[in-house]
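Okay, so here's the structure we're looking at.
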Amino acid sequence: MFGLHYDEDGGLRHVTLPSGTRHSFACQPSLGFLRVTYTPPGSARAYVQHYSHSGALLQTVFPVDGARVIYRYHVSGKLAEVSPSIVPTLSNSEVTSV
């Protein structure tokens, strides 16, 4: 059976799976955006997403290396661009010569 755990404001805080693993969520309002975090079971680091107050996804930050993906929109509200702000670098062992 799935367990749903809510905070004192009624927001979903944790989902516990039948296996006993727990997925954690948090939403923090901030100036100009909402910060939503998801922490997978067994992890101390969270995925972080920023949303505009109108619901548009602005940024995703990945937990392991802090890589970010930025989302930009047209004035109409339609998605215009998705771009990484940190591009991974290749090690010498990953580079092949021609």
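A quick note: this is a predicted structure, and the numbers were derived from the prediction, not measured.
- Residues Leu4 and Val15 have side chains in contact (heavy-atom distance under 4.5 Å, counting atoms from C-beta outward).
- No continuous path of hydrophobic side-chain contacts links Tyr73 to Ile70 [ILVMFWY only; heavy atoms under 4.5 Å].
- Applying the 4.5 Å side-chain rule to ILVMFWY residues, one finds Val48 in the same cluster as Val61.
- The line from CG of Leu17 to CE of Met1 is 13.0 Å long, rounded to the nearest 0.5 Å.
- Sorted by first and then second residue, the pairs that involve residues 25-36 and meet side chain to side chain donor-acceptor pair (under 3.5 Å), not counting sequence neighbours, are Gln28-Arg35.
- Pairs passing the salt bridge (charged side-chain N to carboxylate O under 4.0 Å, His left out) check and including a residue from residues 70-82, sequence neighbours excluded, read Arg72-Glu81.
- Note on residues 37-49: pairs passing side chain to side chain donor-acceptor pair (under 3.5 Å), not counting sequence neighbours, are His23-Tyr38, Gln49-Tyr51, Gln49-Thr60.
- Pairs passing the side chain to side chain donor-acceptor pair (under 3.5 Å) check and including a residue from residues 1-13, sequence neighbours excluded, read His5-Thr16.
- Counting only heavy atoms from C-beta outward, the side chains of Val36 and Phe25 never approach each other to under 4.5 Å.
- The two residues Phe33 and His53 come nearest to each other via the heavy atoms N-NE2, 3.4 Å.
- Annotation: the span from Ser19 atom OG to Phe2 atom CZ amounts to 8.5 Å, rounded to 0.5 Å.
- The heavy-atom pair separating Pro63 from Ala46 by the smallest distance is CB-O, 3.5 Å.
- Separation of atoms CG (Leu57) and CG (Leu34) is listed at 11.5 Å; rounding is to 0.5 Å.
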